[in-house]
Amino acid sequence: MGKQPNLYSFENVDTQLAPNLRKYILERQSEAFDRHGVFRIATSGGSLPKTLAKALLDPASGSSQDKFEFGRWEVFYADERCVPLDHDDSNHKLVKAEWIDKIPAELGQPKVFTINEKLIDDPQEMADEYEKTLVSVFASRDSVKLPLFDLILLGCGPDGHTCSLFPEHPLLRETDAWVLSIKDSPKPPPGRITLSLPVVLHGANIAFVATGGGKKEILKQIFETEAGAKLPCGLVNNGAGERVSWFCDTAATEGVGYPRRSSVI
Ligand SMILES: O=C1O[C@H](COP(=O)(O)O)[C@@H](O)[C@H](O)[C@H]1O
């Protein structure tokens, strides 16, 4: 498959996709610990956190010998909605409820970098402040051109959006900023912040999770058409190639002609 993205497709989410995603993340964790002693991830909201929880927390989905060391994790948001952190639209609220709050105490607690909810009425200010947070963690912008996440976990919207980067939106042309604001998101809520495309493409590893029949038409477009290659998810595939892995179920990949794999092992 050379430098192309990996497309994994599993019959069952609980018994196949989740254990394979678990193995993949354990490998990324181990590489990151070897590299710099911490595991820095950026995560999305939407349908991803529920599936991710099965991979991270379900004892039936992996070997007990390989454990996540959440105490050495740093968790950032690939995108966030400009709402209070306890609002139902908040990606943080969802991620916290799905898995962060369920981590057994003995596995440690991740350091989580949320938005400043005092800035919900000013998305640009919120994006600037979140970028400063990244700068403080990933070192100064002068010496680091782009932050290097060990793993970026992404969803794929039915229109091909990922993070809060929407098809044909001018934000896709951003080349300088690390964190962008959007006031006119086509999907509610309208105010959001998002990692920029260059930051996503720079990720050491990028994993999409897309499940269910509602994703099959967009996956066909992304993997098989020129127009799909220009959608945000297609741009990630083309820009990051073999560093991209898709974790899907067969309902989502039905009819997709691109070569599929059934195990990360
Ligand atoms: O609005 C958003 O949507 C995308 C995709 O969500 P999904 O429910 O179709 O998986 C999500 O990745 C992003 O974080 C979220 O803000």
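Quantities reported herein were computed from a predicted structural model and do not represent experimental measurements.
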Note, Cys156 side chain near Trp246 side chain (heavy atom, < 4.5 Å):
yes

Please determine whether a side-chain nitrogen of the Lys or Arg among Arg40 and Asp150 lies less than 4.0 Å from a carboxylate oxygen of the Asp or Glu.
no

Taking Val256's backbone N and O only, do any of them form a donor-acceptor pair with Arg260's side chain (distance below 3.5 Å, no angle check)?
yes

CA sep, side-chain torsions, deciding dist, call: Leu197, Val236, side chain to side chain contact (heavy atoms under 4.5 Å, CB included):
CA-CA 8 Å; Leu197 187 59; Val236 176; 4.0 Å; yes

CG on Leu219 to SG on Cys233, rounded to 0.5 Å
8.0 Å

Do you know which two heavy atoms are closest between Gly108 and Phe70, and how far apart they sit?
O-CB, 3.5 Å

Where do Gln109 and Ile100 come nearest, in terms of heavy atoms and distance?
OE1-O, 3.8 Å

Derivation and outcome, side chain to side chain contact (heavy atoms under 4.5 Å, CB included), residues Val244 and Asn205
CA-CA 6 Å; Val244 181; Asn205 302 278; over 6 Å; no

So, using side chain to side chain donor-acceptor pair (under 3.5 Å) as the criterion, who are the partners of Asp34 when residues are at least two apart?
none

Do Leu151 and Val38 belong together in a cluster built from hydrophobic side chains that touch within less than 4.5 Å?
no

Could you check whether atom NZ of Lys93 has more than 12 heavy atoms from other residues, nucleotides or ligands sitting under 6.0 Å from it?
yes

Taking CD in Glu106 as the centre, count heavy atoms belonging to other residues, nucleotides or ligands within less than 6.0 Å. Is the count above 12?
yes

Minimum heavy-atom separation for Leu21 to Val209, with atom names?
CD2-CG2, 4.0 Å

Suppose the criterion is salt bridge (charged side-chain N to carboxylate O under 4.0 Å, His left out): which pairs have a residue in residues 200-221, not counting sequence neighbours?
Lys216-Glu254, Glu217-Lys220

Does the side chain of Tyr130 come within less than 4.5 Å of Val135's, by heavy atoms?
no

For Phe39, check ring pair (Phe, Tyr, Trp, His ring centres under 6.0 Å) against everything at least two apart and list the hits.
Trp73

So if you build clusters from Ile, Leu, Val, Met, Phe, Trp, Tyr with side-chain heavy-atom gaps below 4.5 Å, do Val95 and Leu107 land together?
yes

Taking it one step at a time, do Ile41 and Ile152 satisfy side chain to side chain contact (heavy atoms under 4.5 Å, CB included)?
CA-CA 6 Å; Ile41 72 160; Ile152 302 182; over 6 Å; no

Compare all side-chain heavy atoms of Lys96 with those of Val112 and state whether any distance is below 4.5 angstrom.
no

Tell me, please, which residues at least two apart from Phe149 pass ring pair (Phe, Tyr, Trp, His ring centres under 6.0 Å).
Phe76, Phe138

Quick check: does any side chain N or O of Glu174 sit under 3.5 Å from a backbone N or O of Ala177, one acting as donor and the other as acceptor?
yes

With sequence neighbours excluded, what pairs up with Phe247 under the ring pair (Phe, Tyr, Trp, His ring centres under 6.0 Å) test?
Tyr8, Tyr24

Going by ring pair (Phe, Tyr, Trp, His ring centres under 6.0 Å), name the residues that satisfy it together with Trp178, two or more places apart in sequence or in a different chain.
none

Rounded to the nearest 0.5 Å, how far apart are CG of Asp89 and SG of Cys82?
11.0 Å

Does the salt bridge (Lys or Arg N to Asp or Glu O under 4.0 Å) test come out yes or no for Glu242 and Lys3, once each step is laid out?
CA-CA 5 Å; Glu242 65 199 337; Lys3 299 204 177 293; 3.5 Å; yes

Over all atoms of both residues, closest heavy-atom pair of Ala18 and Lys54:
CB-CB, 3.8 Å

Any chain of hydrophobic side-chain contacts (each under 4.5 Å) joining Leu148 to Val200?
no

Above 12 or not: heavy atoms from other molecules or residues under 6.0 Å from CD of Glu224?
yes

For Leu154, is there any backbone N or O sitting under 3.5 Å from a side-chain donor or acceptor partner on Thr162?
no

Please round to the nearest 0.5 Å and tell me the distance separating atom CG of Leu165 and atom CG of Leu235.
9.0 Å

Ignoring hydrogens and geometry, is there a side-chain-to-backbone donor-acceptor pair from Gln29 to Glu69 under 3.5 Å?
yes

Working to the nearest 0.5 angstrom, can you tell me the gap between Glu80 CD and Ile193 CD1?
7.0 Å

Between Asn20 and Gln16, do the side chains contain a donor N or O and an acceptor N or O under 3.5 Å apart?
no

Does Thr15 use its side chain to pair, donor to acceptor, with the backbone of Asn12 at less than 3.5 Å?
no

Please determine if Lys132 and Glu129 form a salt bridge, counting it only when a charged side-chain N lies under 4.0 Å from a carboxylate O.
no

Separation between CE (Met126) and CD1 (Ile115), nearest 0.5 Å, reads 3.5 Å

List the atom of Ile222, the atom of Gly160, and the distance in Å for their closest heavy-atom pair.
CD1-CA, 4.5 Å

May I ask you to test the Asp128-Leu119 pair for a side-chain heavy-atom distance under 4.5 Å?
no

Are any non-hydrogen side-chain atoms of Leu201 and Pro198 less than 4.5 angstrom apart?
no

Ignoring hydrogens and geometry, is there a side-chain-to-backbone donor-acceptor pair from Arg192 to Pro188 under 3.5 Å?
yes

Under 4.5 Å between side-chain heavy atoms, hopping through other hydrophobics if needed: is there a path connecting Leu94 to Phe113?
no

When you measure from the side chain of Arg81 to the backbone N and O of Gly191, does any donor-acceptor pair fall under 3.5 Å?
no

Would you say that Pro84 contacts Ile120 through its side chain, given a criterion of any heavy-atom pair below 4.5 Å between the two side chains?
yes

Is there a donor-acceptor pair under 3.5 Å between the side chain of Glu117 and the backbone N or O of Leu85?
yes

Please report the C-alpha distance between His92 and Asp86 in whole Å, then the side-chain angles of each, then the deciding distance to 0.1 Å, and finally whether the side chain to side chain donor-acceptor pair (under 3.5 Å) criterion is met.
CA-CA 8 Å; His92 173 66; Asp86 61 357; over 6 Å; no

Spell out, as yes or no, whether a donor-acceptor pair under 3.5 Å connects the side chain of Arg22 to the backbone of Ala55.
yes

Identify which one of Thr250, Thr253, Asp249 satisfies the side-chain hydrogen bond (donor to acceptor under 3.5 Å, both in side chains) criterion when paired with Ser9.
Thr253

Count I, L, V, M, F, W, Y as connected when their side-chain heavy atoms are under 4.5 Å apart, and connections chain through other members. Are Leu171 and Tyr77 then in the same cluster?
yes

Min side-chain heavy-atom separation Phe10-Thr211 under 4.5 Å
no

Does the side chain of Leu7 come within less than 4.5 Å of Pro259's, by heavy atoms?
no

On a heavy-atom basis, the closest approach of Ala252 and Ala210 is CB-O, 3.6 Å

So Leu48 and Phe208, side chain to side chain contact (heavy atoms under 4.5 Å, CB included) or not? Walk me through it.
CA-CA 8 Å; Leu48 166 82; Phe208 283 94; over 6 Å; no

So which of Asn91, Thr194, Asp79 actually passes side-chain hydrogen bond (donor to acceptor under 3.5 Å, both in side chains) with Ser164?
Asp79

May I ask you to decide if Val179's main-chain N or O and Glu131's side chain share a donor-acceptor pair within less than 3.5 Å?
yes

